[in-house]
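First the proteins, then the strands, lettered A, B, ... as listed; each starts at 1. Quick caveat, the model's predicted, so the values are computed rather than measured.
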Amino acid sequence: MNSAYSLVAVAFVVLATVAIGMFGVRISRTTSDFLVASRAVTPWQNAAAIGGEYLSAASFLGVAGLIFAYGADMLWFAVGYTAGYLVLLTLVAAPLRRSGAYTLPDFAEERLASPTVRHVASLLTVGIGWLYLLPQLQGAGLTLYAVAGLPAWAGAVVVAVVVVVNVMAGGMRSVTFVQAFQFWFKLAALAVPLFFLVIAWRADGAPTPLSTPHEFSVPTTLTVWVDTTVEVDQPTQVRVSGMVDSRFSADEARTLEPGTHQIAADTRIVFAAHSAVPHVSRIPEITGQQWVSPFGGGERSVYVVYSLIVATFLGVMGLPHVVVRFYTNPNGRAARRTTVILLGLLGVFYLQLPMYGLLGRLYTPQLLVTGRTDVTILLLPGTLVGGLGGSLLSALVAGGAFAAFLSTSSGLTMAIAGVLSRTKLRRFGITGFRLAAAGAMAVPLSMALVSTRLSVADVVGLAFAVAASSLCPLVVLGIWWRRLTAAGAAAGMIVGGSLAFAAGLVTLFSTPDIGWLRDLLRWPAAWTVPIGFGVMVAVSLATRHSVPDGVVRLMARLHAPESLGLRTGGERDPDRDEVRT
Amino acid sequence: MTERTIPHRVAVTRTATPNLGRGDRIYLVADEISAQTELGDVYLRSLIASQLRLGLRTCLSVCGTFALLPLVFVLFPRLGTLPVFGIGLPWAVLGVLVYPVFVVTGWLYVRRAERNEQAFADHLEYVNQQ
């Protein structure tokens, strides 16, 4: 049975994570990841480690689900998630490493000598981290539901507990080796099933959305797990066991007329072969031609695509678990090389997602009814390949998905806990850090348990938008512009960040009826990022008398190559400063 | 990465140029920068400017080119359906081509950035020998 293998795979990944975490503590103490071994950690290992932490639920499940649901325009997510590193490489990587900052609040304080700026940056880092952590927990819940029918809270709690325990023990995150392994495992978990899926697809005649009608090719059974509103375009014959349109049926044949229908939770519907696919109201019905063409869906305007581009291209550098990984490079030159290798690794990963999206549209169209297209990758092996092979491949994918949730959540929790412990709980030392770790996870976990309707992509998109509007200006201007002042930095971060955050919150909990307003709020980066930059520049110029002393010396440290051996302040000792075991 | 040993510092005056090792000479001018003198500032500004130019040029040219694509697809919808190697142009470019382009761009950038830094270090040495 499919679910048994998948559960075994998930359990294996969880146990391996815990075990390596417990043993990793010993390894990381003697071969100190940050002091001695950091000199021996190669750019390849570092790049794989960053990739392992960065490829989260959004990348592993979300992008393919979006491409499946909306078509060509969603390719920009994968492009943006990668392009952010090119921006980081060309503008940020080496100087940020040379600043010696472990997190962006550190960088803010180094650069501007202001506790206020540090606090603002800390607040934003924690907020962004929480926004990014929430979809990981939800993704875990979704995965365990999809592969084993477990209730949604089960996956979230499993990931939360494992991660908090690991982070408290100080293990997983600090071992670069483990995160590097996670990347290769995730890559394999995607590539191996895809290989077999493509063979099965070609054996089926290599259909495309242009060559085949959008319908159920075989009789398909679907169980809806929350109340859902769907749009039906053609009269559709179904068998219903449950409640549809407030009328209960026990395995009864019914016809869904064109229009809107309400399907209650826990209703099972069987669709006949060659019947049309109803779709949840949120996802528009699009033809194959519209699916393959940019803007073909009509729903997606040029503004939305550009806002997405701005958010992802500029938001990567503000993500907490990305920034902390750069510190493990020995110097600025290595930081650059690591980023180039990372671009290649991410490319190999993301190359596979369009194919998954295509296969999803062809072979798991029933996900359009519930709108949970995220799980298409989990269902495809069982659907296309079938049999024992399909079950094993499904198990591999489920294991890879869980590896994604665990590694990203670990990185995020470590980063958030690090920031929290250093501002509020510093005097409590290790205990403070552990409290911070628990707190770092408690907030997203409670949100995940309460709200099941938020889509992974939307919340992640909001995290990117906030990061791009507040922390990106801080880093870019801090590195390249002498005249940045503390007041300017604080003002820019506060204005940019809160605008993006507020806009996103409005759309997460309500939907404005006016089309353009909804787009503007849901994808705010296109206007909040320029505002963030603008405010930062304007206020800095207005307070130009308060440019911090020693700016030139600091700029020297950021930009001058290591080979000169400049005495400009030196490296900070991470063990003394950081509350990390 | 080989560590450069920082030579023991020797006090020197501007008129006398003692017969020091090569490393010490670079170190002397580097002191100009550390001490935030005007001379050091000039050198540093030029390095920062050239690195910023390189960074912006690379970033804007590649990311900017890709970012123009949505506009292109809106203005020329026929391009959106143009088949390339059996798949649509947007899929070929955004699904496949973009990744090797990023890697190659990144690699070329690293080479040029390191060359800038090397030129900076060499220039300091040259000036110091004057």
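Contact between A:Leu91 and B:Gly55 at its shortest, heavy atoms only, is CD2-C, 4.0 Å. When all heavy atoms are compared, the tightest approach of B:Pro70 to A:Ile309 is CG-CD1, 3.9 Å. Residues A:Tyr306 and B:Ala67 approach most closely at OH-O, 2.5 Å, considering heavy atoms. Nearest heavy-atom pair across B:Gly106 and A:Leu89 is CA-CD2, 3.5 Å. For B:Ile48 against A:Met555, the heavy-atom pair with the smallest separation is CD1-CB, 4.0 Å. In plain terms, the two heavy atoms of A:Val87 and B:Cys59 that are nearest each other are CG2-SG, 3.8 Å.
No side-chain heavy atom of A:His559 sits under 4.5 Å from any side-chain heavy atom of B:Glu117. Counting heavy atoms from C-beta on, the side chains of A:Val79 and B:Phe66 never come closer than 4.5 Å. Side-chain contact between A:Arg336 and B:Arg111: absent, with no pair of heavy atoms (C-beta onward) separated by less than 4.5 Å. You'll find the side chain of B:Gln51 reaches within 4.5 Å of the side chain of A:Trp480, heavy atoms only. Counting heavy atoms from C-beta outward, B:Val62 and A:Leu86 have side chains that approach closer than 4.5 Å.
Atom CZ of A:Arg553 is separated from atom CG of B:Leu44 by 12.0 Å, given to the nearest 0.5 angstrom. Considering CG of A:Leu358 and CD1 of B:Ile87, their distance stands at 10.0 Å, rounded to 0.5 Å.
When B:Phe73, B:Trp107, B:Tyr109 are compared by the number of non-hydrogen pairs under 4.5 Å with chain A, B:Tyr109 comes out ahead. Of the listed residues A:Gly344, A:Pro95, A:Ala83, the one with more heavy-atom pairs under 4.5 angstrom with chain B than any other is A:Ala83. Most heavy-atom pairs under 4.5 Å with chain A: of the set B:Ala49, B:Gly95, B:Pro77, this distinction falls to B:Gly95. Options B:Thr58, B:Leu52, B:Val103 differ in how many heavy-atom pairs under 4.5 Å they form with chain A, and the most are formed by B:Leu52. For the set B:Cys63, B:Pro100, B:Gly88, the count of heavy-atom pairs under 4.5 angstrom toward chain A peaks at B:Cys63.
At a 4.5 Å heavy-atom cutoff, A:Leu558 makes no contact with chain B through either its backbone or its side chain. Residue B:Val96 touches chain A through both its backbone and its side chain, counting heavy-atom pairs closer than 4.5 Å. Heavy-atom distances place no part of B:Leu60 under 4.5 Å from chain A, backbone and side chain included. Only the side chain of B:Leu47 comes within less than 4.5 Å of a heavy atom in chain A; its backbone stays farther off. With a 4.5 Å cut-off on non-hydrogen atoms, B:Leu71 touches chain A through its backbone and its side chain both. If you measure heavy-atom distances from B:Phe102 to chain A, the contacts under 4.5 Å come from both the backbone and the side chain.
Of the possible polar contacts, none joining the A:Tyr350 side chain to the B:Tyr99 backbone as a donor-acceptor pair under 3.5 Å is found. Counting only distance, with no hydrogens or angles, the side chain of B:Trp91 and the backbone of A:Val292 share a donor-acceptor pair below 3.5 Å.
Within a 6.0 Å radius of CH2 in A:Trp481, other residues, nucleotides and ligands contribute more than 12 heavy atoms.
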